[in-house]
Amino acid sequence: MTQKKIYLDHSATTPLHPDVIESMLPFLSSRFGNPSSIHGFGREAREGIESARIKVASALGARPNEIIFTSGGTEADNIALLGVAEAMRGRGKHIVTSGIEHAAVLYTCRHLEEKGFSVTYLPVDRFGRVDPDAAAKAFRKDTILVSIMLANNEIGTIQPVAEIARAAAERGIVVHSDAVQALGRIPCGVDDLGVNLLSVSAHKLNGPKGVGALYVREGTPIKPLFHGGHQERDVRNGTENVAGIVGFGKACEISSRVLEERRKNLRAIRDAFQSEVLGAVGGVHFNGHPEHRLPHLLSISIENTAGDAVVRELDKQGIAVSAGAACHSQSVSISHVISATGLEQRIALGTVRISFGLNNTRKDAQAALSALVLTVEKLRAMKDLEESLGGRRCT
Ligand SMILES: *Cc1c(COP(=O)(O)O)cnc(C)c1O
């Protein structure tokens, strides 16, 4: 009997919703026109894009003309940071962010440092939260931009973006937030958050890969990264990914409609799983904020295991999750997020992220629990054996 595979890695990516696939199909066949063309083929494609823009805008409580379609979350983050830095460099060259941002923000900030900007990386508490007062204290006369993610992709912690944005607005500082993990899982209203810029990506909410958007509040100074044919209000030039954009619109429409219900379901599955893990596995530590946390995600550090070994063992049993630490025969790299929360290195080594999604059920979570219990027993027994033989500390 082939075993059913269970996907519990929805923070990495999600399967396409069937209605999303259906919405895209015409744009992969008969409605192939270039949206910039004047003729009927072009107008059909344009219509697809503009109705998707309305849906994405509506999911964010934004106006359609404030939505710039991009190739995904990474590009949206890059345009936000590089585009504002370029547009405002005459006013100042200081940027504030956190130490636990996604690589798309963190490495863009490092790049800006190489270009002569200075960046303050705010610390987080043990739950992975930025202190809004610390953010306000970090603002200087030459601060032009603050970028704090709405929800973290590794531990699920939700940041006090609205409070930070209020302090920034008083000083005329542009506010960006990476909401890629948040959209479809918690409310992401741009006015409630008070942001100027917000990054989102379709493939994290049952839409297609390779498409996302940057919300740009009217009047926000921003320069493009690509120069070309004046698409997307000249902020993102290049012929649009029409089918992808249409699928993204559909994914937003669906997720806005079922947000509350989905949130409740996911949280019930996750919370039950969390208490079962606590009861069944010794030496576990849960990462992220107990309340201010995404509903679908659980980050667990399991003592005397290695995260990547747990992932491989679970994969053999047909269960897909991801690790928070990568261990190669000699060197160990613990994620910058877990490190920033100050978790002891020894415990941080055994970090796994389980993220539930669309088709997951309580039964899936129960199967994952049984597999996890077996895996932890096996790895701990192997570790004991290796240590008694004087072997490596990390497998
Ligand atoms: C996935 C992710 C991204 C990158 O989005 P892509 O569309 O895959 O480029 C950025 N930020 C966060 C928080 C993410 O989870």
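One-based numbering, in listed order, for ligands and for the atoms of each.
- Comment: Glu303 engages Arg346 in a salt bridge, judged by a side-chain N to carboxylate O separation of less than 4.0 angstrom.
- A salt bridge does not link Arg129 with Glu291: every distance from a Lys NZ or Arg NE/NH1/NH2 to an Asp or Glu carboxylate oxygen is 4.0 Å or more.
- For ligand 1, one of its N or O atoms has an N or O atom of Gly73 under 3.5 Å away.
- Contact atoms of ligand 1 toward Asn153: 13 (C), 15 (O) (distance under 4.0 Å to a heavy atom of the residue).
- Exactly one of Lys4, Arg270, Lys5 qualifies for a salt bridge (charged side-chain N to carboxylate O under 4.0 Å, His left out) with Asp364. That residue is Lys4.
- The pair Glu313-Lys316 meets the salt-bridge criterion, since a charged nitrogen lies less than 4.0 angstrom from a carboxylate oxygen.
- Contacts between His203 and ligand 1 below 4.0 angstrom, taking non-hydrogen atoms only, involve the side chain exclusively.
- The shortest N or O to N or O distance between Thr74 and ligand 1 is below 3.5 Å.
- Below 4.0 Å from some heavy atom of Val180 lie the following atoms of ligand 1, by number and element: 1 (C), 2 (C), 3 (C), 10 (C), 11 (N), 12 (C), 14 (C), 15 (O).
- Protein heavy atom nearest atom 7 (O) of ligand 1, with residue, atom name and distance: Ser201 OG, 2.6 Å.
- Atoms of ligand 1 lying under 4.0 Å from any heavy atom of Gly72, numbered from 1 in the order shown and given with element: 7 (O).
- Salt bridge present: Asp308 and Arg312 bring a charged side-chain N and a carboxylate O closer than 4.0 Å.
- Of the candidates His102, Glu101, Lys204, Met149, it is Lys204 that places a heavy atom closest to atom 1 (C) of ligand 1.
- Residue Gln181 places at least one N or O, backbone or side chain, under 3.5 Å from an N or O of ligand 1.
- Considering backbone and side-chain N/O of Asp178, one or more are found under 3.5 Å from N/O of ligand 1.
- For the pair Ser71 and Arg236, the minimum side-chain heavy-atom distance is below 4.5 Å.
- With respect to Arg263 and Glu260, a salt bridge is recorded, a charged nitrogen being found less than 4.0 Å from a carboxylate O.
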